[in-house]
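Lettering of chains follows the sequences in order, A, B, ..., and the numbering in each one begins at 1.
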Number of protein chains: 2
Amino acid sequence: MTARQHASRMAAECIGVRIRLLNRIVTNVYDTALRPLGLKTSQLNVLAAAAYLGVARPAEVAERLQMDVSTLSRNIDRMKNRGWLEVVPDEDGRMQPFQLTREGQALFEKAFPLWEKAQQQVETLLGDDGVTHLRAAAEDFFRIPPR
Amino acid sequence: MTARQHASRMAAECIGVRIRLLNRIVTNVYDTALRPLGLKTSQLNVLAAAAYLGVARPAEVAERLQMDVSTLSRNIDRMKNRGWLEVVPDEDGRMQPFQLTREGQALFEKAFPLWEKAQQQVETLLGDDGVTHLRAAAEDFFRIPPR
DNA sequence: ACGATATAGTTGCATATGCAAGGAATGGCC
DNA sequence: GGCCATTCCTTGCATATGCAACTATATCGT
């Protein structure tokens with residue numbers, strides 16, 4: 001097998017290439033829609049987690065979103081600095097649970113209709129089948145165990 | 001509608017959350033497999049593009065992978081510094097076409113079996129249905145117009 | 001030949017991502 | 001009580017990502 005044939009197989013088969021491509025395309029749509037608020041997709045995810053959980057622990061959010069705690073730690077930092085999040089004191093000194101500030105809540109409410117618009121754009125872009133396929137592929141990994 | 005209900009809808013419906021989740025999970029598998037070579041998934045993508053194209057123009061690669069040219073520009077930079085890529089002179093002074101160096105070729109060949117292993121792991125992780133769904137969702141966006 | 005326009009890449013800035021290593025606090029176990 | 005392991009988070013480091021603005025080069029119209 002030549003290198004070019006190997007490359008050809010990777011181009012034809014690689015799942016990573018495909019998911020990364022879709023990720024860039026889709027994330028871009030949400031980012032563009034949210035830009036007027038100075039908000040990024042990943043930040044909206046954190047806002048939503050906090051809005052849903054009320055008081056959220058970084059470790060729990062990281063586990064739900066399957067992201068590294070250190071990544072989340074710094075994302076939260078930036079959002080604290082903007083006044084969107086605040087730490088909630090906890091008996092256990094190791095924890096740094098956080099919640100939305102009043103500004104954070106207001107921002108989330110402003111972001112919601114923009115999210116809806118972006119969501120529609122993505123649905124149009126991927127098509128009904130594409131959306132169905134994507135949901136099906138993700139469903140095993142995105143569980144929303146209610147609290 | 002309360003904020004929590006909005007958050008609930010986003011959690012239940014958001015395509016961005018799902019694709020980003022899948023992206024993190026899948027990219028992590030490839031990254032882990034490639035780590036012994038000091039290679040990241042995105043870099044392997046560039047290596048493969050160069051192996052496939054022979055001489056690759058940044059703009060073309062960026063277009064195929066739907067990524068920002070500035071992102072690619074810096075990725076290529078790092079890979080040049082490692083001796084994996086080299087610039088090919090071009091008549092048009094604007095262009096900075098590149099190709100694999102001998103080392104880059106050797107690296108790509110060493111990476112291939114690791115990629116195969118990671119690909120299998122991902123297939124196991126997502127299941128046959130998941131893989132099929134993902135391919136179906138991506139197929140409209142990942143065309144491989146041969147050269 | 002010249003100026004306007006278009007194209008290809010690069011650079012400044014900011015955010016995001018994850019591994020490895022380092023604290024800090026808690027909870028056993030003896 | 002004191003040590004050890006565990007849990008939770010943060011920090012150092014490196015890469016990746018994209019927008020906006022910029023430079024350099026080429027092309028087109030006149």
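- Distance, B:Asp90 CG to D:dT25 P: 13 Å, rounded to whole Å.
- The closest donor-acceptor contact from the side chain of A:Thr101 to the backbone of A:Glu86 lies at 3.5 Å or more, if one exists at all.
- In this structure, the side chains of B:Asp31 and B:Leu39 stay at 4.5 Å or more apart for every pair of heavy atoms.
- Although no hydrogens or angles enter the test, the distance criterion places a donor-acceptor pair under 3.5 Å between the side chain of A:Thr32 and the main chain of A:Asn28.
- Whole-Å rounding puts the A:Glu63 CD to D:dC8 C1' distance at 14 Å.
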In B/S/- notation (B base, S sugar-phosphate only, - none; protein heavy atoms under 4.0 Å), nucleotides 13-18 of chain C written 5' to 3' is B-SBBB
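- Aromatic ring pairs are classed by plane angle as parallel below 30°, tilted from 30° to 60° and perpendicular above 60°; the pair B:Phe112 and A:His6 is parallel.
- Judged as a salt bridge (charged side-chain N to carboxylate O under 4.0 Å, His left out), not a single pair has a partner in residues 120-129 of chain B (not counting sequence neighbours).
- Taking atom CG of A:Asp77 as the reference point, atom C1' of D:dT10 lies 8 Å away to the nearest angstrom.
- The existence of a salt bridge linking B:Glu60 and B:Arg64 is confirmed by a sub-4.0 Å separation between a basic side-chain nitrogen and an acidic carboxylate oxygen.
- The distance between atom CZ of B:Arg94 and atom C1' of D:dT23, rounded to the nearest whole Å, is 13 Å.
- In this structure, the side chain of B:Tyr30 engages the main chain of A:Gly16 through a donor-acceptor pair within 3.5 Å.
- With rounding to whole Å, B:Met95 atom CE is found 10 Å from D:dT25 atom C1'.
- Looking at A:Arg9, its side chain never comes within 3.5 Å of a backbone N or O of A:Gln5 through a donor-acceptor pair.
- In this structure, the CG atom of B:Leu39 is 15 Å from the P atom of C:dC19, given to the nearest Å.
- Going from atom CG of B:Leu72 over to atom P of C:dG9 covers 9 Å, rounded to whole Å.
- Rounded to whole Å, the distance from CZ on A:Arg57 to P on D:dC9 is 6 Å.
- One axis for each end of the helix from C:dA1-D:dT30 to C:dC30-D:dG1, each built from five base pairs, and the angle between them comes to 10° at 10° resolution.
- Looking at heavy atoms from C-beta onward, A:Asn45 lies out of side-chain contact with A:Val61 at the 4.5 angstrom threshold.
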